[in-house]
Amino acid sequence: MSGRELYQHGDYCPTRNIGWCTIHGILIFGTHIMFNIKHSLELLVSAAIAEATGLSDCNANVIYSSRPEFGDYQANGIMAIAKQLKSNPRELAVRVVSALQSNDLIADAQVAGPGFINLFLNDVTLATAATRFAHGEQNLLDAVDHPQRIVVDYSGPNLAKEMHVGHLRGTIIGDCIVRVLEVVGHDVIRQNHVGDWGTQFGMLIAHMESLGENSAKVHTQLADLETFYREAKSRFDLEPGFADLARSYVVKLQGGDRDCLSAWQKFIDESLGHCEDIYELLGVTLSKDDLRPESFYNNELANIVNALREADMLTASEGAQCVFLEEFKGKEGSPLPAIVQKSDGGYLYATTDLAALRYRGKNLAAQRVLYVVDARQSLHFQQVFAIARKAGFVPGACSLEHIAYGTMMGEDGKPFKTRSGDTVKLRELLDESVRRAHDIVSAKSPELSPEHREQISNVVGIAAVKYADLSKNRTSDYVFDWSTMLSFDGNTAPYMLYAYARIKSILRRQGEGVHPERSEVRITAVEERNLIIKILQFPEVVDVVASECYPNYLCAYLYELAGIFMRFYEACPVLKAESDLRASRVTLVSLTAATLKQGLGLLGLETLEQM
RNA sequence: GGGGGUAUAGCUCAGAUGGAUAGAGCAACGGCCUUCUAAGCCGUAGGUCUCAGGUUCGAACCCUGAUACCCUCACCA
């Protein structure tokens, strides 16, 4: 955005998501572009700053006001600009305010403190915008004007074992990000980089083969993958000859031996079935089509090493093929290699990831690649990203991002395990959550039918686990705690679901009396105004989540929305109000319900009509 | 030892580009159901934002140093 000119209706607009445009100098509400009050204010104030100072490209620094008397939003950029110009910030702020183009969005702009500009939104415009959304003339979330092709790599369980709690975060955070990116109009390609290759599969196939041709028996055995793995591992460690047998299976597998491959396939199918059950239970959008297992890149690994050799990036060290990059140092400041080929000729994790990067950059033509992977792997991703860039495996403009997340801890502050120290199966965790939810629902609502209680606890139990995770900053470790996540108080799934059910109850009771799609929203109380503003801010939050990939921003927003609704609910009778006011409030309730449902949907949560 | 991360109320966590008086929930105490689901709402109390410097009109946030804990550093993924 440069200078004083705003964009003409329908013009190319380099700043994304502007809800207002100008025609003949008059700011109007644009219908073809994403609604975003904050960006619109930034645009207006930036233009005024440019008008007042002659500077282009000024950051108006618009944020939400911390207190009601400071307006709805505030522009904090004036102080920095005044300093740059060596002028008095308050005087500059006054000039900027008087340079503000007339518009229907800002009702009042006041200079305060050392040079803040407090912005008060126009009630009529707010009510009009809410009405338009209620009438379905526009969606609160509309497509961005520059969709990107974005590859999101998430979940990626190891198929040798059953999914455990360690897979929870990546799976649900990734799924939320994918939903958010899609709803704003990006072209998203999911990639489930499952581990289906490597030495441990030789061991598993050897164990499976020794059980004989009885496929029913094999199926039964594989039903508990964890036990199956333990048995195979134990034979590998203890049984004479078994380790050699396992290794011979690895060689046969990699050599493309048909029998061996078919046994491997049988195992993989079985294990994938386990994953799909979990995905269904969790409500995760990953499907078979999204699978790009490690074995998918098998034939590319030698090419990757060759390409690195041709790029003169390869160094042989202690028998292994390595890439040394300046920026990575190991112990005692010694050069740190990324090993792409072992001394025995085998390939590694880094090699596979380089092949995946090249595939995503070249074949999938990604403009942005997101890796939703545990924070402990950050060095690995820094290395492969750097190597892929240097080797030209991905286009220079393609953004590579490690969307790192922290570890789930037990109450003792150590990584979450069972009492005996084993990893907790994801299936068991989710089942327990549903069971606990059922106990609570039965205690709170004994009058509901058993079927209804079961349905509620299925939704609440799963939502509780997901929401507890998504509502935390993904980069930090957090303590897993049943009582907090299943509590109906605070920023939890049960509270959110209850708020939604309560809202739906009003809409049910009002019957066919009011038609939100034809009614007019009015502002008669501060609680209504607060609710409208909060609803209209939904696109702003979604936009930030799409660019920065922090689902907890969305959770915080929805929690605040629910809280503001509750205050409205206490202060403003809906069904007891008369005629137009009743219609306005029912419409507002309906908008709140739609926003909550869509927001929870973006988190990957189901809602309940009744609790 | 190198690199990275974390440190905010008794507990669990928020705090998006530095903004005005640092926020929730739990736990504690006190109010509100003849009124749209009380699984709710309102209020009280609780903080030298680990410590010490620095940058600035302004710092939980940026810089330097210290302390504590966590992660990571050659053929696992």
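Protein chains get the first letters and strands the later ones, always in sequence-line order, with residue 1 at the start of each.
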Would you classify [X] as touching base, sugar-phosphate or nothing, given that sugar-phosphate means primed atoms plus P, OP1 and OP2, and contacts are heavy atoms under 4.0 Å?
| X | answer |
| --- | --- |
| Gln377(A) | base |
| Cys572(A) | base |
| Thr407(A) | nothing |
| Lys414(A) | nothing |
| Ile63(A) | base |
| Ala112(A) | base |
| Glu318(A) | base |
| Gln510(A) | nothing |
| Met566(A) | sugar-phosphate |

Please state whether the base of [N] and the side chain of [X] form at least one donor-acceptor pair under 3.5 Å?
| X | N | result |
| --- | --- | --- |
| Ser65(A) | A20(B) | no |
| Ser547(A) | A16(B) | no |
| Gln74(A) | A20(B) | yes |
| Asn118(A) | A20(B) | yes |

Quiz item: Using a heavy-atom distance cut-off of less than 4.0 Å, which residues of residues 334-356 of chain A contact RNA chain B?
Solution: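 Close to the strand are Leu336(A), Pro337(A), Ile339(A), Lys342(A), Ser343(A), Leu348(A), Tyr349(A).
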Hey, does the side chain of [X] reach the backbone of [Y] with a donor-acceptor pair shorter than 3.5 angstrom?
| X | Y | value |
| --- | --- | --- |
| His402(A) | Val373(A) | yes |
| Asp72(A) | Phe120(A) | no |
| Thr351(A) | Leu301(A) | no |

Quiz item: Can Phe116(A) be said to stack with the base of A20(B), given centres closer than 5.5 angstrom and planes under 30 degrees apart?
Solution: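 So yes, this residue stacks on that base, both cut-offs being met.
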Write down the distance between [atom1] ([X]) and [atom2] ([N]), rounded to a whole number of angstrom.
| X | N | atom1 | atom2 | result |
| --- | --- | --- | --- | --- |
| Ile506(A) | C36(B) | CD1 | C1' | 5 Å |
| Lys161(A) | C76(B) | NZ | P | 16 Å |
| Asn59(A) | G19(B) | CG | C1' | 13 Å |
| Leu596(A) | U37(B) | CG | P | 16 Å |
| His39(A) | U17(B) | NE2 | C1' | 11 Å |

Would you mind pulling out the nucleotide paired to [N], Watson-Crick or G-U wobble, both distances under 3.5 Å?
| N | answer |
| --- | --- |
| C69(B) | G5(B) |
| G18(B) | none |
| U48(B) | none |
| A39(B) | none |

Quiz item: Quick one: is Arg67(A) getting a side-chain N or O under 4.0 Å of the U21(B) phosphate, OP1 or OP2?
Solution: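 No, outside the criterion.
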Quiz prompt | Side-chain N,O (Arg582(A)) to OP1/OP2 (C36(B)) below 4.0 Å | solution =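 Indeed not, no polar side-chain atom of Arg582(A) lies that close.
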Distance between the [atom1] atoms of [N] and [M], in whole angstroms?
| N | M | atom1 | result |
| --- | --- | --- | --- |
| U17(B) | A59(B) | P | 16 Å |
| A39(B) | C33(B) | P | 15 Å |
| G15(B) | A60(B) | C1' | 8 Å |
| C62(B) | C71(B) | C1' | 24 Å |
| C36(B) | U50(B) | P | 46 Å |
| C11(B) | U56(B) | C1' | 36 Å |
| U64(B) | A45(B) | C1' | 38 Å |

Exercise. Would you give a per-nucleotide map of nucleotides 4-15 of chain B, 5' to 3', where B means the base has a protein non-hydrogen atom under 4.0 Å away, S means only the sugar-phosphate does, and - means neither?
Key: --------SSSS
Quiz item: Between Phe70(A) and Ala571(A), which is nearer to the 5' end of RNA chain B once each is assigned its nearest nucleotide?
Solution: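 Its nucleotide being nearer the 5' end, the pick is Phe70(A).
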Quiz item: Hey, which of these two, Val574(A) or Gly319(A), hits RNA chain B nearer its 5' end, going by closest nucleotide?
Solution: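 The answer here is Val574(A).
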Practice problem: Considering only NZ, NE, NH1 and NH2 on the basic side and carboxylate oxygens on the acidic side, decide whether Arg567(A) and Glu527(A) come within less than 4.0 Å. | Solution: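 Salt bridge between Arg567(A) and Glu527(A), a charged N being under 4.0 Å from a carboxylate O: no.
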Find every protein N or O atom lying less than 3.5 Å from an N or O atom of nucleotides 26-35 of chain B, and list the pairs.
from: U35(B); atom 1: O2'; to: Lys576(A); atom 2: NZ; distance (Å): 2.5

Exercise. Based on the glycosidic angle (syn within 90° of 0, else anti), state the conformation of C32(B).
Key: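 Anti conformation for C32(B).
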Practice problem: Tell me, with the steps shown, if Asn298(A) and Glu300(A) meet side-chain hydrogen bond (donor to acceptor under 3.5 Å, both in side chains). | Solution: CA-CA 5 Å; Asn298(A) 212 23; Glu300(A) 278 301 302; over 6 Å; no
Quiz prompt | Glu606(A) atom CD: more than 12 heavy-atom contacts under 6.0 Å | solution =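 It does not: Glu606(A) CD has 12 such atoms or fewer within range.
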Exercise. Tell me, with the steps shown, if Phe538(A) and Tyr557(A) meet ring-ring contact (aromatic ring centres under 6.0 Å, His included).
Key: CA-CA 8 Å; Phe538(A) 184 48; Tyr557(A) 166 82; 5.7 Å; yes
Exercise. Please examine the side chains of Val460(A) and Tyr467(A), heavy atoms only from C-beta on, and report whether any two atoms are closer than 4.5 Å.
Key: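 No; the side chains remain at least 4.5 Å from each other.
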Quiz item: Ring centres of His193(A) and Tyr297(A) under 6.0 Å apart?
Solution: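 Close enough - the centres of the two rings lie under 6.0 Å apart.
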